[in-house]
Student: 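I'd like to ask you about the structure that follows.
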2 protein chains.
Amino acid sequence: MADHATIFRDYLAKKGLKLTSPRKKILEAVFAIHEHFNAEELYGRIKSHSQGISLATVYRTLPLLLEAGLVQHALRSAGRERYEHIYGHPKHIHWLCRSCGSLVETDLQSVDPLIAELAKSLNFKEEDIELSIRGLCWKCASTENENQTDER
Amino acid sequence: MADHATIFRDYLAKKGLKLTSPRKKILEAVFAIHEHFNAEELYGRIKSHSQGISLATVYRTLPLLLEAGLVQHALRSAGRERYEHIYGHPKHIHWLCRSCGSLVETDLQSVDPLIAELAKSLNFKEEDIELSIRGLCWKCASTENENQTDER
DNA sequence: GATTTATTTGCAACTGATTCTCAGTAATAA
DNA sequence: TTATTACTGAGAATCAGTTGCAAATAAATC
């Protein structure tokens with residue numbers, strides 16, 4: 001089981017690309033953030049640590065990490081592209097309560113093979129799966145029953 | 001059960017905003033499109049019908065529709081905000097090509113029971129399932145393979 | 001370790017999407 | 001009708017993200 005540095009190295013090697021010091025630093029920074037981030041934020045973190053990595057390089061590296069499977073687009077990003085690292089974070093289902101806003105994540109395992117099969121039949125090369133379910137968590141579902149009539 | 005024009009009127013009234021003719025036209029156009037769209041595309045449709053609505057107004061109206069609950073964000077593609085109206089849309093899977101931006105929808109039947117089961121075990125009352133898959137359509141996947149070496 | 005070659009980098013200029021400014025227009029209330 | 005306030009179109013401004021280029025650097029080869 002390779003760690004993320006190894007995965008990245010291998011990915012680059014396979015593509016005939018080089019493992020450079022900016023790329024290493026960016027990778028490190030990505031895995032030091034445990035929330036969603038965008039290019040600018042990532043750049044900010046790196047700058048405060050080490051010097052001399054340009055924003056353009058961050059923008060150039062992110063797609064590589066994406067393709068290497070180390071990073072994925074974050075959920076429903078509005079306005080800016082957002083990312084999250086996925087090493088050790090298997091793809092998940094988001095259960096979002098429309099009433100209290102709570103978010104629960106569960107894993108995608110059971111659904112994954114089904115999707116892979118569909119993708120195959122459509123000739124679609126899937127890279128990123130986002131499954132979000134909106135509704136009511138059990139708490140809100142029970143309170144909502146009490147005040148049936150209150151409209152949104 | 002109010003129709004979308006009424007919902008919009010009420011929303012505007014509540015906010016002290018005005019129901020103007022450009023806004024009416026935009027609303028109409030939104031509900032005449034049964035796919036995802038972005039501001040530019042919506043603008044194109046409106047322009048071909050009636051005259052004299054500016055792109056800026058389209059951009060200004062979309063957030064209102066969003067807040068009124070008539071429209072929701074769809075998956076971003078190629079750096080652009082995308083929208084879809086919310087109105088009796090049967091659940092579907094979105095297959096979005098990250099290269100050419102094409103969108104295919106397929107139905108959710110095969111996945112649905114699985115999700116229902118999961119929801120039950122989580123005690124979550126699901127209302128809206130959104131399954132979006134980003135990747136490469138077969139066309140783009142094949143062109144991408146041709147220039148294997150010309151990486152960017 | 002020096003040389004060679006192709007890839008990378010930082011920088012600045014650029015692009016394309018979205019937002020803003022402003023002067024004129026239109027909806028609503030009185 | 002008038003007064004008030006929000007709205008509009010047009011174009012300028014902004015902002016995220018991309019690109020061209022000359023210098024720098026990793027990896028391959030000697």
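Throughout, a chain's letter reflects where its sequence line sits, starting with A, and its residues are numbered from 1.
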Student: Specify the closest pair of heavy atoms between A:V58 and A:A39, including all atoms of both residues, with the distance to one decimal.
Tutor: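 Closest heavy-atom pair between A:V58 and A:A39: CG1-O, 3.8 Å.
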
Student: For the pair made of CG in A:N38 and P in D:dC15, what is the distance, rounded to whole Å?
Tutor: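 From A:N38 CG to D:dC15 P: 14 Å.
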
Student: Would B:E67 and B:K14 satisfy salt bridge (Lys or Arg N to Asp or Glu O under 4.0 Å), going step by step from the backbone distance to the final call?
Tutor: CA-CA 12 Å; B:E67 243 212 70; B:K14 197 162 59 190; over 6 Å; no

Student: Can you check the A:K15 NZ to C:dT7 P distance for me, whole Å?
Tutor: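 Rounding to the nearest Å, NZ of A:K15 and P of C:dT7 are 13 Å apart.
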
Student: Picking from D:dC7, C:dT18, C:dC11, which would you name as closest to the side chain of A:S54?
Tutor: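 Nucleotide nearest to A:S54's side chain: C:dC11.
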
Student: Under a 3.5 Å distance rule, please check whether B:R23 uses its side chain to pair with a backbone N or O of B:K18 as donor and acceptor.
Tutor: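 At least one qualifying donor-acceptor pair exists.
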
Student: Report the residue (A:R23 or B:A56) whose heavy-atom-nearest nucleotide on DNA chain C is the more 5′ of the two.
Tutor: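 So the residue in question is A:R23.
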
Student: Starting from P on C:dA26, measure out to CD1 on B:I53 and report it in whole angstrom.
Tutor: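 These atoms are roughly 13 Å apart.
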
Student: For C:dT19, take OP1 and OP2 only and decide whether either is under 4.0 Å from a side-chain N or O of B:R60.
Tutor: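 Indeed not, no polar side-chain atom of B:R60 lies that close.
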
Student: Calculate, to the nearest 0.5 Å, the distance between atoms CZ and NZ belonging to A:R9 and A:K24 respectively.
Tutor: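 Going from CZ on A:R9 over to NZ on A:K24, the span is 7.5 Å.
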
Student: Classify every nucleotide of nucleotides 24-30 of chain D by which part a protein heavy atom approaches to under 4.0 Å, writing B for the base, S for the sugar-phosphate alone and - for neither, in 5'-to-3' order.
Tutor: --BS---

Student: Nearest-Å distance, NZ (B:K25) to P (D:dT8)?
Tutor: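 Atom NZ in B:K25 sits about 11 Å away from atom P in D:dT8.
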
Student: Does the distance from a Lys or Arg side-chain N to an Asp or Glu carboxylate O, for B:K47 and B:E41, drop under 4.0 Å?
Tutor: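 Salt bridge flag = no for B:E41 with B:K47.
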
Student: Calculate the interatomic distance between B:L12 atom CG and D:dT5 atom C1'; express it in whole Å.
Tutor: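 In whole Å, D:dT5 C1' and B:L12 CG are 15 Å from each other.
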
Student: Rounded to whole Å, how long is the line connecting atom OH of A:Y43 with atom P of D:dC15?
Tutor: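 Value for this atom pair: 16 Å.
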
Student: Quick one: CH2 on B:W95 to CG on B:L131, what's the gap to the nearest 0.5 Å?
Tutor: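 Rounded to the nearest 0.5 Å, the CH2-CG separation comes to 7.0 Å.
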
Student: Within the side chain of A:T57, is there an N or O that forms a donor-acceptor pair under 3.5 Å with the backbone of A:I53?
Tutor: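 Not confirmed, A:T57 side chain does not pair with A:I53 backbone.
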
Student: To the nearest Å, how far apart are B:L64 CG and D:dA6 C1'?
Tutor: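 The distance from CG of B:L64 to C1' of D:dA6 comes to 12 Å, rounded to the nearest Å.
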
Student: Between atom CZ in B:F8 and atom P in C:dA27, what is the gap in whole Å?
Tutor: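 Going from B:F8 (CZ) to C:dA27 (P), I get 14 Å.
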
Student: Is any side-chain N or O of A:Y59 closer than 4.0 Å to OP1 or OP2 of D:dT18?
Tutor: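 False: A:Y59 side-chain N/O out of range (4.0 Å or more) of D:dT18 OP1/OP2.
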
